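Here's the structure we're looking at; comments come further down.
Just so we're clear, the structure is a prediction, and the values are computed from it rather than from any experiment.
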Amino acid sequence: LIISSGVLFVRTDAPYYLKYDAEQISYGVYGTPVFSVTRFVGKYLREQTQPDDLIYVWAANPEINFYALRKSPSPFLIHSKAFRKLPWNTHAEVIQSLNRAPPQYIVAMKNMSSFPALNSYVSQNYHKEKDTDLEKLKEILTFEVYRRNEG
């Protein structure tokens, strides 16, 4: 039983640990480059921020905070249809969290049209980050990085 488990692992999973890089795994398993892009975005934000700066990620990509080694100001890292079923307004909770502790950056991995309050908050307090490397990544995957306005 142990030997057959080992053989099964070598045949099915070993290449993911020994042969493939992050981009190959992202494409191979999920059919999208999202995980290799979010890894780069997280590392980029780590270089642009101080250790105590906050980063808020809109959509289901909390790995950006992990790669950036930065906390989120909101307990709601992931937005999905499941949140609409909760007995409280998660959108209001997110905006209150952002007002209490404004993040240095907001990353929108999805269009914010489904969250008008966040869209308004960002347009009033942030501007799009302009960086050549980020612009190249936007050719692969749609996302935006917003930096808090000075002052």
Side-chain angles (χ1 to χ4, degrees), residues 12-151:
T12 60
D13 294 343
Y16 291 105
Y17 297 101
L18 305 173
K19 183 177 175 186
Y20 302 142
D21 64 18
E23 189 169 351
Q24 290 171 318
I25 293 170
S26 189
Y27 272 113
V29 175
Y30 303 102
T32 176
V34 70
F35 297 109
S36 54
V37 170
T38 56
R39 182 172 180 246
F40 178 85
V41 171
K43 289 182 175 185
Y44 170 83
L45 293 173
R46 184 186 329 158
E47 294 171 1
Q48 304 303 313
T49 58
Q50 299 299 315
D52 59 341
D53 286 340
L54 302 172
I55 297 171
Y56 180 70
V57 179
W58 164 247
N61 298 94
E63 68 273 11
I64 292 173
N65 292 87
F66 173 79
Y67 289 125
L69 301 175
R70 305 295 179 259
K71 292 181 180 180
S72 175
S74 174
F76 299 106
L77 296 177
I78 301 171
H79 179 272
S80 69
K81 293 176 184 174
F83 279 108
R84 294 185 189 133
K85 297 177 183 176
L86 293 174
W88 66 88
N89 185 345
T90 56
H91 285 189
E93 292 271 349
V94 167
I95 296 301
Q96 288 171 5
S97 297
L98 298 179
N99 283 325
R100 261 192 317 271
Q104 186 66 27
Y105 283 90
I106 292 179
V107 180
M109 294 304 292
K110 291 186 179 180
N111 189 314
M112 292 183 289
S113 62
S114 64
F115 191 172
L118 179 61
N119 200 7
S120 176
Y121 178 85
V122 168
S123 64
Q124 291 173 11
N125 302 297
Y126 291 79
H127 62 277
K128 286 183 183 178
E129 181 80 343
K130 302 284 188 212
D131 183 89
T132 307
D133 292 332
L134 290 177
E135 295 304 317
K136 287 178 188 174
L137 284 176
K138 291 177 188 176
E139 296 171 8
I140 300 170
L141 186 72
T142 304
F143 68 95
E144 287 296 340
V145 176
Y146 300 94
R147 183 184 187 112
R148 190 169 66 209
N149 294 333
E150 301 295 324

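Looking at heavy atoms from C-beta onward, Leu98 lies out of side-chain contact with Asn125 at the 4.5 angstrom threshold. Looking at His127 and Asn149, their side chains come closer than 4.5 Å, going by heavy atoms from C-beta outward. Counting only heavy atoms from C-beta outward, the side chains of Val107 and Asn61 never approach each other to under 4.5 Å. Looking at heavy atoms from C-beta onward, Asp131 lies out of side-chain contact with Gln48 at the 4.5 angstrom threshold. At a threshold of 4.5 Å between non-hydrogen side-chain atoms, the residues Thr38 and Phe143 do not count as touching. The shortest side-chain heavy-atom distance between Tyr105 and Arg70 does not fall under the 4.5 Å cut-off.
Ring orientation note: the planes of Tyr126 and Tyr121 are tilted relative to one another, at an angle of 30° to 60°.
Counting heavy atoms of neighbouring residues, nucleotides and ligands inside a 6.0 Å radius, atom CZ of Arg39 does not exceed 12 of them.
With rounding to the nearest 0.5 Å, the separation of CG in Leu54 from CZ in Arg148 is 8.5 Å. Rounding to the nearest 0.5 Å gives a distance of 9.5 Å between CG of Asn111 and CH2 of Trp58. From Lys43, atom NZ reaches atom CG of Leu69 across 10.0 Å, with rounding to the nearest 0.5 Å. Taken from OG in Ser72 to CD1 in Ile64, the straight-line distance is 11.0 Å, to the nearest 0.5 Å.
Lys110 and Ala59 make their closest contact through CG-CB, 3.7 Å (heavy atoms, listed as atom of the first residue, atom of the second, distance). Looking at every heavy atom in both residues, Tyr67 comes nearest to Arg46 through O-NH2, 2.6 Å. Counting all heavy atoms, side chain and backbone alike, Ala68 lies closest to Ile55 at CB-CD1, 3.7 Å. Counting all heavy atoms, side chain and backbone alike, Pro73 lies closest to Ala101 at CB-O, 3.2 Å.
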Can I get a per-line list of side-chain donor-acceptor pairs under 3.5 Å for residues 132-139, giving both atom names and the distance, sequence neighbours left out?
from, atom 1, to, atom 2, distance (Å)
Glu135, OE2, Lys138, NZ, 3.2
Lys138, NZ, Glu144, OE1, 3.0

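Side chain of Asn119 to main chain of Phe115: no donor-acceptor pair is present (N/O by atom type, distance under 3.5 Å, no hydrogens or angles). Ser120 places no side-chain N or O within 3.5 Å of a backbone atom of Ala117 that could act as its donor or acceptor partner.
Residues meeting the side-chain hydrogen bond (donor to acceptor under 3.5 Å, both in side chains) test with Ser97, sequence neighbours left out: Arg100. Gln96 pairs by the side-chain hydrogen bond (donor to acceptor under 3.5 Å, both in side chains) definition with nothing, not counting sequence neighbours.
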